[in-house]
Each structure stands twice: as C-alpha cells, then as structure tokens.
Q: 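A single structure is presented below for examination.
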Amino acid sequence: MLTLGDYCILRIVKQVDFGLYLDGGEEGEILLPQRYVTNDMHVGDEVEVFIYLDQEERPVATTEHPYAKVGEFASLEVAWVNQYGAFLKWGLMKDLFCPFREQKQRMEQGQRHIVYIKTDEDSYRLMATAKVEKQLSTPTAEELPSLTHGTLVDVLVWQKTDLGFKVIVNNKFQGQIYDNQIFQPLHSGMKLKAYVDHVRQDGKIDIVLQQSGRQHTLDFAEVLLRYLYENDGHCNLGDKSPAELIYDRFQVSKKAYKKAIGDLYKRRLITIEEDGIRLV
C-alpha cells in the first residue's frame, strides 16, 4: 500500500533513461529518479523507497532517508523563508514546508524547531507543524501497562521550562524531566533513552534519566566493581567527591554512586578510605 510520507516496498515495472518506474497500485506508476538507481536494481525486483511529492506535487520515490516521516516528531533546521512560511531541512532534496499558521513563533533561517510531520487534509501535501501539543496523546487504559515505573522509553527533548525540560515520550506522549533529575547537559532536539517514573493523573509522564530503586543500585554496583578490578583495585572518588567528577567518570548521579558504595561495602567487597575506595 502506497503511503505518502512513509516507506514502502514497490516492484520495478519499467526502466527509462531518467530512472525507474515503480508499481504504485491505485496511484499508478511512481518514478524513482536516476540519481537513486543502483546497478543491482532490475525490472521485477522490489525496492524499499520513501514516497513524497516532487516540485510539481506528484508522488515520487527516493532511497534517501528523511530525518522523520509522517506521524513523527523531529528537530529540524530552517533552510529558507518566504511570504508563505518556512522550509525545513529534513534530509531530502525538497525541503519540508511549515506554513505561518502552523508556527508558534515566526521561524527564521538557521533556527531549529521541534515539529510534527503530517499530511495536510485539504491539499494532500506533506507539511510540518510546530504546534506539537495538539499532536500529543494521553495514554489510554490499554497503554498504561506499558508505561509502568522503570520502563525504558525513547525521549525527544522538547523545551526548557522553569521545572526542567518538557520531553516527547515514545513519539506520542508529553513528559517532564525535573531539574533535580538532570545530571547531564540537555538541549532541545536531543534524543536519548530514559525511564518512566510515573504517569500523572493529567496523563503527562514524569521521566528520569536513570533507573531508580534497588535494581539500579545493584546494576551500577557491578559496574563500579568491574572498574576497581580494571584499575588496580582503587578508585579515587569517594562519597564526598564532587557530583560533577562522579558524573564525568561514570555518568551516574552522586546519589547512585553513594548507594553503590554502600552496597559493595555491605557485601564486604571494598573498604572506604580517605582517598577513595579500595577492593578488599
């Protein structure tokens, strides 16, 4: 099935001087321009392509991969602006249009914005909208079991707030990372793995960058133990060392580091000294 703004697998039906024609079903034959044709493509073969509209608003295929497809959020740079709106770089030859009516603030060349990619219902054209709030969902009763405490999720950092950062969770839900849970530099457009803390009554999801609880302590305790074995049994960071030094070396918070030290000490695997910790 041919879906505008998405990937599909189509069969090659004809070769011409300027490319290959693919079987687009009800849409007719779709051109794959010669610049994307490789020597291993032959009539009868099936190829995976991305479908979008060319300069004349006709469906066309490409083997290039855009930064995001229809139904996804992405951080895109403004390539140029005209009297109708902004055009965003999204990894294809033709830039993606974001009309002024879909902008929260006037976009300017060189800026980056978090946008949602969709098909305009009126014109059938691909477009971007910066009004991402309207595209976010509240978890349904069926989705809540997949968002329990400690669940690993994909996060797109959205915007800075007084409380921390708004994020987009699993390309669908609105989340929040609070300042006291941030132990690394964050900026809008960053993609990372994180963990669900809990889902609030309003449907928004509190996110943490590190697992909480006993399991995370045990996981990092094993990492710390391996570090000691690989470094002559000694680490010069103790429970009073600056949080920045701990994070630079191990990418964990000081709280997690102290818990891991306590766990190893209780297991009588280390001793705590003035200059750090040492294997027994």
Side-chain angles (χ1 to χ4, degrees), residues 2-8 36 48-55 57 59-82 84-121 123-139 143 147 152-161 164-177 182 184-196 204-205 207 209:
L2 191 68
T3 304
L4 186 66
D6 204 347
Y7 297 94
C8 58
Y36 307 122
E48 183 183 56
V49 291
F50 183 83
I51 305 298
Y52 69 116
L53 299 179
D54 64 14
Q55 298 293 345
E57 306 299 336
V60 65
T62 177
T63 55
E64 293 182 319
H65 291 259
Y67 302 136
K69 62 182 183 179
V70 163
E72 293 182 343
F73 298 88
S75 173
L76 302 181
E77 181 183 346
V78 180
W80 54 290
V81 180
N82 67 8
Y84 304 107
F87 294 81
L88 313 177
K89 300 178 183 178
W90 70 315
L92 301 182
M93 287 192 63
K94 183 183 177 184
D95 296 322
L96 183 65
F97 181 54
C98 183
F100 285 129
R101 71 175 186 274
E102 296 295 337
Q103 299 177 22
K104 297 173 67 175
Q105 61 186 57
R106 283 297 175 102
M107 295 181 176
E108 298 181 5
Q109 183 176 354
Q111 292 179 341
R112 297 191 72 91
H113 294 269
I114 302 294
V115 297
Y116 179 80
I117 300 172
K118 65 177 186 175
T119 303
D120 187 346
E121 296 179 357
S123 66
Y124 191 59
R125 297 174 181 173
L126 296 178
M127 62 177 287
T129 176
K131 298 178 180 179
V132 298
E133 296 93 338
K134 296 181 179 180
Q135 311 301 327
L136 294 168
S137 303
T138 299
E143 291 169 325
L147 296 169
L152 183 67
V153 291
D154 293 308
V155 164
L156 173 65
V157 180
W158 176 11
Q159 65 184 26
K160 184 75 175 72
T161 71
F165 279 90
K166 287 184 180 180
V167 296
I168 298 170
V169 181
N170 284 349
N171 196 58
K172 193 171 185 179
F173 310 114
Q174 181 173 331
Q176 175 80 39
I177 302 177
I182 297 174
Q184 66 186 81
L186 295 182
H187 60 79
S188 178
M190 179 183 290
K191 292 182 178 181
L192 63 157
K193 299 287 187 180
Y195 301 89
V196 173
K204 296 182 175 63
I205 305 171
I207 296 293
L209 297 181

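We use all heavy atoms of the structure for the numbers below, so side chains are in, but hydrogens, waters and symmetry mates are not. From a predicted model like this one, the values you see are computed outputs, not experimental measurements.
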Q: Between the main-chain N or O of L126 and the side-chain N or O of T119, is there a donor-acceptor pair closer than 3.5 Å?
A: no
Q: Any side-chain to backbone donor/acceptor pair from Q174 onto K166? Under 3.5 Å, distance only.
A: no
Q: With the side chain counted from C-beta on, respond yes when T129 and K118 share a heavy-atom pair under 4.5 Å apart, and no when they do not.
A: yes
Q: For C8 versus L2, what's the shortest heavy-atom pair and its separation?
A: SG-CD1, 3.8 Å
Q: So that I can tick it off, tell me whether D54 and K94 are bridged by a salt bridge, with the cut-off set at under 4.0 angstrom between side-chain N and carboxylate O.
A: no
Q: Test: salt bridge (charged side-chain N to carboxylate O under 4.0 Å, His left out). Region: residues 124-133. Which pairs qualify, not counting sequence neighbours?
A: E57-R125, K104-E133
Q: Is there a side-chain contact between V60 and Y52, using heavy atoms and a 4.5 Å cut-off?
A: yes
Q: Does any N or O in the side chain of E102 come within less than 3.5 Å of the main-chain N or O of P99, such that one atom is a donor and the other an acceptor?
A: no
Q: Of the non-hydrogen atoms in V157 and F165, which two are nearest, and what is the gap between them?
A: CG1-CD2, 3.5 Å
Q: Just how far is it from atom CZ of R112 to atom OG of S188, taken to the nearest 0.5 Å?
A: 9.0 Å
Q: Are side-chain heavy atoms of I117 and L96 found at a separation under 4.5 Å?
A: yes
Q: Got a second to check how far L76's CG is from M107's CE, nearest 0.5 Å?
A: 8.5 Å
Q: Taking side-chain hydrogen bond (donor to acceptor under 3.5 Å, both in side chains) as the test, write out the residues that go with K134, two or more places apart.
A: none
Q: With no hydrogens and no angle check, is any side-chain donor or acceptor of T161 less than 3.5 Å from a backbone partner on G164?
A: yes
Q: How many angstroms lie between CZ in F87 and CG in N82, if you round to the nearest 0.5 Å?
A: 4.5 Å
Q: Okay, side chain of Q135, backbone of V132: is any donor-acceptor separation there less than 3.5 Å?
A: no
Q: Once you measure the plane-to-plane angle for F50 and Y7, does it fall in the parallel (<30°), tilted (30-60°) or perpendicular (>60°) bin?
A: perpendicular
Q: Step through the shown structure and confirm whether more than 12 heavy atoms of other residues, nucleotides or ligands are within 6.0 Å of OH on Y84.
A: no
Q: Angle between ring planes, F73 versus Y116, binned at 30° and 60°: parallel, tilted or perpendicular?
A: tilted
Q: Less than 4.5 Å apart, any side-chain heavy atom of C98 and any of Q103?
A: yes
Q: Please tell me if the side chains of L53 and L4 come closer than 4.5 Å, counting only heavy atoms from C-beta onward.
A: yes
Q: Are a donor atom and an acceptor atom from the side chains of W90 and D95 found within less than 3.5 Å of each other?
A: no
Q: What I'd like to find out is whether the side chain of V167 reaches to under 4.5 Å of the side chain of L156, using heavy atoms alone.
A: no
Q: Would you check if I177 and I182 make a side-chain contact, meaning some heavy-atom pair closer than 4.5 Å?
A: yes
Q: Give a yes or no on whether the backbone of P139 and the side-chain of S137 come within a donor-acceptor separation of less than 3.5 Å.
A: no
Q: Within this structure, what is the CD1-CG distance for the pair I207 and L192, rounded to the nearest 0.5 Å?
A: 9.5 Å
Q: Before giving the answer on side chain to side chain contact (heavy atoms under 4.5 Å, CB included), spell out for L147 and I205 the whole-Å C-alpha distance, their side-chain angles and the decisive distance to 0.1 Å.
A: CA-CA 9 Å; L147 296 169; I205 305 171; 3.9 Å; yes
Q: Drop me the distance from K193's NZ to L209's CG, to the nearest 0.5 angstrom.
A: 13.5 Å
Q: Which heavy atom in K69 sits nearest to a heavy atom in D6, and how many Å separate them?
A: CD-OD1, 3.1 Å
Q: Please give me the minimum heavy-atom distance between N171 and G71, naming the atom from each residue.
A: ND2-O, 2.8 Å
Q: Does the side chain of L88 reach to within under 4.5 Å of the side chain of E77, using non-hydrogen atoms?
A: no
Q: Quick check against the 3.5 Å criterion: does N170 have a side-chain atom that pairs as donor or acceptor with the backbone of K172?
A: no
Q: Given the rule in the salt bridge (Lys or Arg N to Asp or Glu O under 4.0 Å) test, do D154 and K191 qualify, once you have shown the distances and angles that lead to the verdict?
A: CA-CA 7 Å; D154 293 308; K191 292 182 178 181; over 6 Å; no
